[in-house]
Amino acid sequence: MHKTFKKKERLFKRNLIKELFAKKSSYFYLYPFKMVYQFLPAQDSDHQGVQVLFTVPKRNFKRAVDRNHIKRLFREAYRNNKHLLSNKNNLVIGYIYTSSKIEEYIFLEKKLKQSLERLSNEVNQAIENESKI
RNA sequence: AAUGCAAGGGACCUUAUCGCUUCGAGUACAAUUCGAAGAGGAAAGUCCGGGCAGCAUAGGGCAGCGUACUUCCUAACGGGAAGGACUGAUAAAUUUAAGUUUUUCAGUACAGACAGUGCAACAGAAAGAUACCGCUCCGCUUGCGGAGUAAGGGUGAAAUGGUGGAGUAAGAGCCCACCGCAAUACCGGGUGACCGGUUUGGCAUGGUAAACCUUACGCGUUGAAAGACCAAAUAGGUACUUCUGGCCUCGUUUUUGUUUUACAGAAACUGGUCAAUGGGCGGCUCGUCCAUGACUCUUAUGAGCAGAAGUAUGGGUAGGUUGAUGGAGCACAACAGCAAUGUUGUGCCUAGAUAAAUGAUAAGGCACUUUAUAGUGGACAGAACCCGGCUUAUGAACUUGCAUUCUAU
């Protein structure tokens, strides 16, 4: 699998983002970020695969340079580790950076890896439950 | 030499790997492959000015807002250049002194106070017309009154030219000399602000316009989330065509189809019902009673109204395309100009994203720190339609200027 990160894999539709941050979505905290995710109805053929969104709040980082830098680190880390979610479909993910200081790339990558593994497990469980029923 | 302040240029370079955005090439498209390009001096603040676009708009005036020494530059500006005046500092010259002249540097919202209205705390006698103390004269009751007086005292941010003389009761530009000041006078220089000289004037025309105000000039308004185009699903709109005319059917009649006495459909009659209309009564968002009604009009074809179905179509939402990056463009040279800047020639194409691309990792060079190993790439800060400015932010080192301290001569 190529380590690409094209527009297809990014979350940019306004309505989808609204839905993602509505109350229904599941989420968990893992320093230094918060992860929000949601499964979409399967019949929607528009968005196959996984779509991701990264945000950094302006409250903690007033300069746009810092916000851009963190988002770029996020993107790089996700790009290198997205194979963990390779066979998942119809999944929308949002990352919110909650720390108030800029972390190292290596640390961020490790944590992002953990979050992806955890999400992958939850997805597998959900699929198993559905098949049991 | 050190420290501090201000100004200035400058804002590490090259290559590889994995990625992102745009453009170009190749195959029928996509995916993929190859090649090229990809943040700043302030991209920031959004403070001015313009382009561009929509809307508005006869012409003029008032109001409101802005600007305010002169000339020039510019698409335009509240920006810039050159110059003038004033203020402050500095050094020198001159004068008895006050002051004046010149050198260098810095600063100035720098039009108008004989158009009008207003304002000036405290102090002070008095702040726009004034006598508190003092000085002088006169009167008498001998410590008071009247008159004159801005030389002296004191107050204040500000008190009505300065020095000397003459003069006087005491004084005073009342008069004189020198200095200063004013002038819508005259002469000369300058495009002009203004400058120099002459003459005149005793100089009583106080200050404040970052108080109202007056004068001159300028300003329509909104803002790329502008504007233009394409356009799914769903629900409305419009047009046409067809069908139906409140609902129910125990019963009767007629008629059509299938397979016959049965079944299904249609029409009419009767009956029921009331959700439609009108009226009466009551306990009045309702109930009850009565009447009308089988949608209305027309002799009829048909027309109107309401509903259903079908077809076509307009606007328009999600979404997409465009606006949107070849321009008041950049580099170099020549010429014009003191300069800002302009003209001409040659060469170049240099981000264009859209929930928003420029990142990560490594190697080498270079710079700095450190004895070295090693470390760091340092500040301010991320394009969002595009330009011209202004303002603010900016580490270390370097260059220039100024100030202070120390050392040496």
Side-chain angles (χ1 to χ4, degrees):
Chain A
M1 183 170 189
H2 290 281
K3 292 181 175 179
T4 55
F5 188 58
K6 300 253 174 193
K7 191 166 178 181
K8 237 185 190 178
E9 305 169 38
R10 277 181 246 145
L11 179 59
F12 62 93
K13 294 259 183 187
R14 195 171 298 173
N15 291 341
L16 277 180
I17 294 166
K18 262 185 201 166
E19 242 175 78
L20 175 64
F21 289 105
K23 289 176 186 172
K24 290 177 184 174
S25 301
S26 328
Y27 64 91
F28 57 82
Y29 288 94
L30 181 67
Y31 182 85
F33 50 74
K34 173 187 177 183
M35 192 177 186
V36 184
Y37 59 95
Q38 194 177 26
F39 300 102
L40 292 172
Q43 66 267 20
D44 257 343
S45 58
D46 286 350
H47 15 68
Q48 301 163 340
V50 186
Q51 287 191 319
V52 194
L53 166 87
F54 307 101
T55 68
V56 181
K58 199 174 183 179
R59 201 191 312 155
N60 296 339
F61 299 94
K62 289 188 175 170
R63 291 185 303 174
V65 177
D66 297 336
R67 294 198 298 274
N68 278 349
H69 184 64
I70 291 168
K71 279 196 266 185
R72 281 165 185 159
L73 291 179
F74 256 128
R75 207 174 295 142
E76 184 70 10
Y78 177 78
R79 187 175 68 78
N80 284 327
N81 294 287
K82 66 170 183 173
H83 54 86
L84 294 170
L85 289 175
S86 56
N87 27 4
K88 309 296 180 296
N89 274 332
N90 300 318
L91 191 59
V92 175
I93 306 176
Y95 280 100
I96 304 172
Y97 195 78
T98 52
S99 174
S100 57
K101 61 177 182 184
I102 303 172
E103 298 288 351
E104 291 284 321
Y105 171 70
I106 297 168
F107 177 78
L108 191 67
E109 188 177 9
K110 196 178 90 185
K111 288 291 184 177
L112 192 120
K113 223 169 169 177
Q114 287 179 13
S115 75
L116 287 179
E117 282 167 359
R118 182 170 163 182
L119 181 64
S120 180
N121 290 335
E122 292 192 16
V123 170
N124 287 336
Q125 280 185 6
I127 292 171
E128 281 176 22
N129 290 342
E130 278 183 17
S131 61
K132 276 179 191 172
I133 294 164

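Nothing here was measured: the structure is a model prediction, and the numbers come from that model. Numbers restart at 1 for each chain; the letters A, B, ... are given by sequence-line order, proteins then strands.
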Asker: What is the distance, to the nearest angstrom, from the CD1 atom on A:I70 to the C1' atom on B:rG382?
Answerer: 14 Å

Asker: Can you tell me how far apart CZ (A:F61) and CD1 (A:I70) are? Round to the nearest 0.5 Å.
Answerer: 3.5 Å

Asker: Could you work out the separation of B:rG156 and B:rG207 based on their C1' atoms and round it to a whole Å?
Answerer: 14 Å

Asker: How far, in whole Å, is B:rG24 from B:rA53 if one measures between their P atoms?
Answerer: 27 Å

Asker: Rounding to an integer number of Å, can you tell me how far A:D66 CG sits from B:rA44 P?
Answerer: 17 Å

Asker: Taking pairing as Watson-Crick or G-U wobble with both contacts under 3.5 Å, can you name the mate of B:rU249, or confirm there isn't one?
Answerer: none

Asker: Would you measure the distance from the P atom in B:rU215 across to the matching atom in B:rA42 and give it in whole Å?
Answerer: 43 Å

Asker: Provide the Watson-Crick or G-U wobble partner of B:rG161, both distances under 3.5 Å; none if there is no partner.
Answerer: B:rC179

Asker: Given B:rC380, B:rA360, B:rU358, which nucleotide is nearest the side-chain atoms of A:R63?
Answerer: B:rC380

Asker: Could you tell me the separation between the CG atom of A:L73 and the C1' atom of B:rG19, rounded to a whole number of Å?
Answerer: 14 Å

Asker: Closest to the A:H69 side chain: B:rU358, B:rA355, B:rA360?
Answerer: B:rA360

Asker: Let me know the distance between CZ of A:F54 and P of B:rG359, rounded to the nearest Å.
Answerer: 17 Å

Asker: When both hydrogen-bonding distances must be under 3.5 Å and the geometry is Watson-Crick or G-U wobble, what is B:rC281 paired with, if anything?
Answerer: B:rG287

Asker: Could you tell me how far B:rA383 sits from B:rG352 if I compare only their C1' atoms? Round to whole Å.
Answerer: 9 Å

Asker: Using heavy atoms to find the nearest nucleotide of RNA chain B for A:E76 and A:K71 separately, return the residue whose nucleotide is more 5′.
Answerer: A:K71

Asker: Only pairs with both distances under 3.5 Å count, Watson-Crick or wobble alike; so what is the partner of B:rU238 in this structure?
Answerer: B:rA312

Asker: For A:K111, does the NZ atom sit with more than 12 other heavy atoms under 6.0 Å from it, leaving out its own atoms?
Answerer: yes

Asker: Which is it for B:rG41, anti or syn, if anything within 90° of zero counts as syn?
Answerer: syn

Asker: Once you round to the nearest 0.5 Å, how far does CG of A:N60 lie from CZ of A:R67?
Answerer: 10.5 Å

Asker: Is B:rA53 paired to anything, Watson-Crick or G-U wobble with both distances less than 3.5 Å, and if yes, which nucleotide?
Answerer: B:rU222

Asker: Take atom C1' in B:rG287 and the same atom in B:rC274, then report the distance between them in whole Å.
Answerer: 15 Å

Asker: Only pairs with both distances under 3.5 Å count, Watson-Crick or wobble alike; so what is the partner of B:rU32 in this structure?
Answerer: none

Asker: When rounded to the nearest Å, what value does the distance between P atoms of B:rU205 and B:rA182 take?
Answerer: 15 Å

Asker: Rounded at 0.5 Å granularity, tell me how far CZ in A:F33 sits from CG in A:L112.
Answerer: 5.0 Å

Asker: How close do A:K71 and A:F54 get, heavy atom to heavy atom, and via which atoms?
Answerer: CD-O, 3.8 Å

Asker: State the syn/anti category of B:rG378 according to its glycosidic angle, syn meaning within 90° of 0.
Answerer: syn

Asker: Does the ring center of A:Y78 lie less than 6.0 Å from the ring center of A:Y95?
Answerer: no

Asker: Under a 90° cut-off about 0 for the syn range, is B:rG307 syn or anti?
Answerer: anti

Asker: Please classify the glycosidic conformation of B:rU350 as syn (within 90° of 0) or anti (everything else).
Answerer: syn

Asker: Which glycosidic conformation, syn or anti, is assigned to B:rA97 if syn requires a torsion within 90° of zero?
Answerer: anti

Asker: B:rC20 pairs with which nucleotide, Watson-Crick or G-U wobble, both distances below 3.5 Å?
Answerer: B:rG38

Asker: Report the distance from atom CG of A:N68 to atom CG of A:L73, rounding to the nearest 0.5 Å.
Answerer: 11.0 Å

Asker: Output the rounded distance in Å from OH (A:Y78) to C1' (B:rG359).
Answerer: 17 Å

Asker: Please name the nucleotide paired to B:rG152 by Watson-Crick or G-U wobble geometry with both distances under 3.5 Å, or report none.
Answerer: B:rC133

Asker: When rounded to the nearest Å, what value does the distance between C1' atoms of B:rA384 and B:rU370 take?
Answerer: 45 Å

Asker: Quick check for you: among B:rA39, B:rA381, B:rA355, whose closest atom lies nearest to any side-chain atom of A:N68?
Answerer: B:rA39

Asker: In whole angstrom, give me the gap between the C1' atoms of B:rA294 and B:rC286.
Answerer: 28 Å

Asker: Report yes if at least one side-chain N or O of A:R75 is closer than 4.0 Å to OP1 or OP2 of B:rC20; otherwise report no.
Answerer: no

Asker: Please give, in whole Å, the distance from B:rU354 C1' to A:L53 CG?
Answerer: 15 Å

